[in-house]
Amino acid sequence: MALRIYNTLTRRTEEFTPLEPGMVSMYVCGPTVYASAHIGHAMSSLVFDVARRYLEYRGYDVRHAMNYTDVDDKIIQAASGEGSDPTSLAEHYIEEYAQHLQELNVLPATVYPRATQEIDNIIEMVARMLEQGAAYVAEGDVYYRVERDEDYGKLSGRKLEDMHAGARIEVDDRKEHPMDFAVWKAAKPGEPAWESPWGPGRPGWHIECSAMVFAHLGEQIDIHGGGNDLIFPHHENEIAQSESLSGKPFAQVWMHNGMMQLSGEKMSKSLGNLITIREFLEKHSADALRMMVLNTSYRHPLTYSDEVVEQAERALDRLRSGLRPALPGAAGAAAEALAALQARAEAAQPAFVAAMDDDFNSAAALAVLFDLVRQINLARDAGATDAELEPAQAVLLELSGVLGLRLKDAEREPEAAALHALVDELAGELDGQTELAAVLQAARSEQSGAALMVRLLELRKGIREQKLWALSDKMRDRLAEQGILVEDSAGGSSWRWG
RNA sequence: GGCGACGUGGCCAAGUGGUAAGGCAAGGGUCUGCAAAACCCUGACCACGGGUUCGAAUCCCGUCGUCGCCUCCA
């Protein structure tokens, strides 16, 4: 079986064959850094992070570039609005986004090119386009000559004639054709500018991506990604520019993620219906957002709602349930229970690969993981020991890791001070219980929260054996106040964060 | 107006020609001192109307609805 990817360019799902065996070059359009990013941007980064992780899992050496557009009208506008300069404003939001990516467990790209660092390349490319007649100068601006391409519109499925029909094309007498787009923009007074043969100015938006791809990945790449709102005009224009210069097909596969929606519309700055990444992470885990993304097809829109987030959190709990240690006092499961577990663990990997090979069908891949979790829990209930559970849990961790889920990273120590207070409280109520005095004493001398919890569960065992139900319930309630969930089973008690 | 996507159980959603994955929620049960968790059981004729086919959620046509792009946008 081979990996198959839906290609926007051909509108078909095609078998993926990299240009160079074993290597994948992937370019993904990143944000324009003029404001804090929202979870729609995060969705895009997550989608391509999953693709990249899976390609690497599949054995490919992935060269992954994601750009930052750090000079454009909006940045200039935002900077003048707050009285700062465009460069430092862009720098600020780049740093912020980089931090978000890290928190979201997105693997670092191989390179993060920026428009302002590619100026020389861009000028050189524009010059070549002019030489070839692919572009023309108009009062300091340089425009790409769209009518020169007989296949302009092939990505978005538009024809130039159709675009005339649209009423929203601005009239500009300097352009030969209304759809001609700027590859170089003359600077207005006070704007950031670079010297060029056509006068001071800055690159147009589309040219920067072509330049960065050429500079960092080559004239031909395997995968070009981005949100589906970029298909036209951005990616269409990238193709036009790049192919006019190289004379070769630009990207083999065009992957586009669907839009994050909120209250029935695309989440965007201009509509104002957005949740920033920061706002999301203040309330929810990075895994939760990733889970939401994984549960759907990356190509389809994802409608955000509190309920959907909650469902994602619960689904994560379920996955994590498969990673719990054996029940206290587990004595080993019967042979057939272990055989069933082993069979499921061994079947999981190929099933996962089959799902992901089908255009990164992460929802189907998750189903494989949930099936594995059920089998692990079944074995645990049947008395499997940690050693018996471990191989299947290792598979679960490995495969969830391919999706970028961390599952276990949330581990932390309980607060020792609060636990000591609880020990003192219990000691008061247990006054005269000589059998438990030793455990209480041991608990008092523990310094770490984790060790204290071991003692507390020991204590709980003694209390339950004496059927001091009111006290054992009180103990559980107190711990729950700190988010510690105590779970009792026949062999003893265990705890986890809840 | 042009191009495109989508409409599957209460919610999220996979499946795109052979008789509907998975998750969440809900109800019942097992286990438990109780609880929680886990495990077991229970639910859909796939927007609507035609058509093609031995057979369609899955292909074609139409209708309704939702969304995206056509301007900056992940």
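Just so we're on the same page: letters track the sequence lines, and every chain starts at 1.
- A straight line from CE of A:M292 to P of B:A13 spans 10 Å, rounded to a whole angstrom.
- Looking at which nucleotide of RNA chain B each of A:S156 and A:S297 is closest to, the 5′-most match is held by A:S156.
- To the nearest whole angstrom, the two P atoms, one in B:A56 and one in B:A20, are 13 Å apart.
- For B:A35, its base sits under 3.5 Å from the side chain of A:R476 at one donor and acceptor pair at least.
- One atom, CG of A:N273, and another, P of B:C67, lie 12 Å apart when rounded to the nearest Å.
- A gap of 15 Å separates the C1' atoms of B:U58 and B:A47, to the nearest Å.
- With values rounded to the nearest 0.5 angstrom, A:S210 atom OG is found 5.0 Å from A:F250 atom CZ.
- A distance of 3.5 Å separates CD in A:E208 from OG1 in A:T69, rounded to the nearest 0.5 Å.
- Here A:D473 lies in heavy-atom contact (under 4.0 Å) with a base.
- Spacing between atom NZ of A:K467 and atom P of B:U32 amounts to 12 Å, rounded to whole angstrom units.
- Within the 4.0 angstrom heavy-atom criterion, base atoms lie near A:M260.
- B:C59 sits 23 Å from B:G22 when the P atoms are compared, rounded to a whole Å.
- The side chain of A:K266 places an N or O atom within less than 4.0 Å of a non-bridging phosphate oxygen (OP1 or OP2) of B:C69.
- Aromatic pair A:H100/A:H41: ring centres not closer than 6.0 Å.
- As the counterpart of B:U58, no nucleotide is assigned, since no Watson-Crick or G-U wobble pattern has both distances under 3.5 Å.
- Nucleotide B:G7: paired with B:C64 (Watson-Crick or G-U wobble, both distances less than 3.5 Å).
- Summarising the base pairing, B:G1 is matched to B:C70 through a Watson-Crick or G-U wobble pair whose two defining distances lie under 3.5 Å.
- Between A:L378 atom CG and B:C40 atom C1' the separation is 9 Å, expressed in whole Å.
- Separating the CG atom of A:D477 from the C1' atom of B:A36 is a distance of 12 Å, rounded to the nearest angstrom.
- Comparing B:A74 with B:G68, their C1' atoms sit 13 Å apart, to the nearest whole Å.
- For the pair A:C29 and A:G264, nearest-nucleotide mapping onto RNA chain B gives the more 5' position to A:G264.
- Seen from the ring of A:F232, A:R158 counts as a face-on cation partner, given the 6.0 Å and 45° thresholds.
- Here the P atom of nucleotide B:A74 and the NE2 atom of A:H100 are 14 Å apart, to the nearest Å.
- A:R460 comes within 4.0 angstrom of a nucleotide base, judged by non-hydrogen atoms across all strands.
- B:G43 makes up no base pair with any nucleotide shown, lacking Watson-Crick or G-U wobble contacts both under 3.5 Å.
- The base-pairing partner of B:U53, taking Watson-Crick or G-U wobble contacts with both distances under 3.5 Å, does not exist among the strands shown.
- Atoms CE and CZ, on A:M212 and A:R114 in that order, are 10.5 Å from each other to the nearest 0.5 Å.
- Stacking of A:R464 on the aromatic ring of A:W469 is not recorded, the 6.0 Å distance cut-off and the 45° axial limit not both being met.
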**Request:** Under the side-chain hydrogen bond (donor to acceptor under 3.5 Å, both in side chains) rule, what do A:T276 and A:S36 come out as? Steps first, then yes or no, please.
**Result:** CA-CA 7 Å; A:T276 63; A:S36 289; over 6 Å; no
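- Comparing the same atom, P, in B:U16 and in B:C6 gives a spacing of 12 Å after rounding to whole Å.
- Ring planes of A:H256 and A:W254: parallel class, angle under 30° (limits at 30 and 60°).
- By the 6.0 Å and 45° rule, A:R299 stacks over the aromatic ring of A:Y6.
- You'll find that the side chain of A:R11 is closest to B:G4, out of B:A74, B:C70, B:G4.
- Nearest nucleotide to the A:D488 side chain, out of B:C34, B:A14, B:A74: B:C34.
- Using a 4.0 Å cut-off between a side-chain N of Lys or Arg and a carboxylate O of Asp or Glu, A:D287 and A:R290 do not qualify as a salt bridge.
- Residue A:R496 is classed as a sugar-phosphate contact, given heavy-atom separations below 4.0 Å to backbone atoms only.
- A:N7 and A:E14 share a donor-acceptor pair across their side chains, judged by distance under 3.5 Å alone.
- Using a 4.0 Å cut-off between charged side-chain N and carboxylate O, A:D141 and A:K175 make no salt bridge.
- A:L230 comes within 4.0 angstrom of sugar-phosphate atoms only, judged by non-hydrogen atoms across all strands, and of no base.
- Nucleotides B:G23 and B:G43 have their C1' atoms positioned 16 Å apart, rounded to a whole Å.
- Between B:A38 and B:C31, the distance separating the two C1' atoms is 9 Å to the nearest Å.
- Contact annotation for A:N228: backbone-only contact, meaning every heavy-atom pair under 4.0 Å involves sugar-phosphate atoms and none involves a base.
- The residue A:Q261 sits close only to the backbone: its heavy atoms come under 4.0 Å of sugar-phosphate atoms, none of a base.
- When the P atom of B:U66 is taken as reference, atom CG of A:L262 falls 18 Å away, rounded to whole Å.
- Remark: B:C31 base-pairs with no nucleotide; criterion is Watson-Crick or G-U wobble with both hydrogen-bond distances under 3.5 Å.
- Ring pair A:Y298/A:F360 is perpendicular by interplanar angle, where above 60° counts as perpendicular and below 30° as parallel.
- Atom-to-atom, CG of A:L389 to P of B:C39 comes out at 13 Å; the value is rounded to the nearest Å.
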**Item:** Letter per nucleotide, 5' to 3', of nucleotides 16-30 of chain B [B base touched, S only sugar-phosphate touched, - untouched; heavy atoms, 4.0 Å]
**Value:** -----BBBBS-----
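- Listed by residue number, A:G30, A:P31, A:T32, A:H38, A:G40, A:H41 are the residues of residues 30-43 of chain A with a heavy-atom contact under 4.0 Å to RNA chain B.
- B:U19 and B:U53 have their C1' atoms separated by 15 Å, with the value rounded to a whole Å.
- Among the protein residues, A:K74 comes within range of the nucleic acid bases, having at least one heavy atom under 4.0 Å from a base atom.
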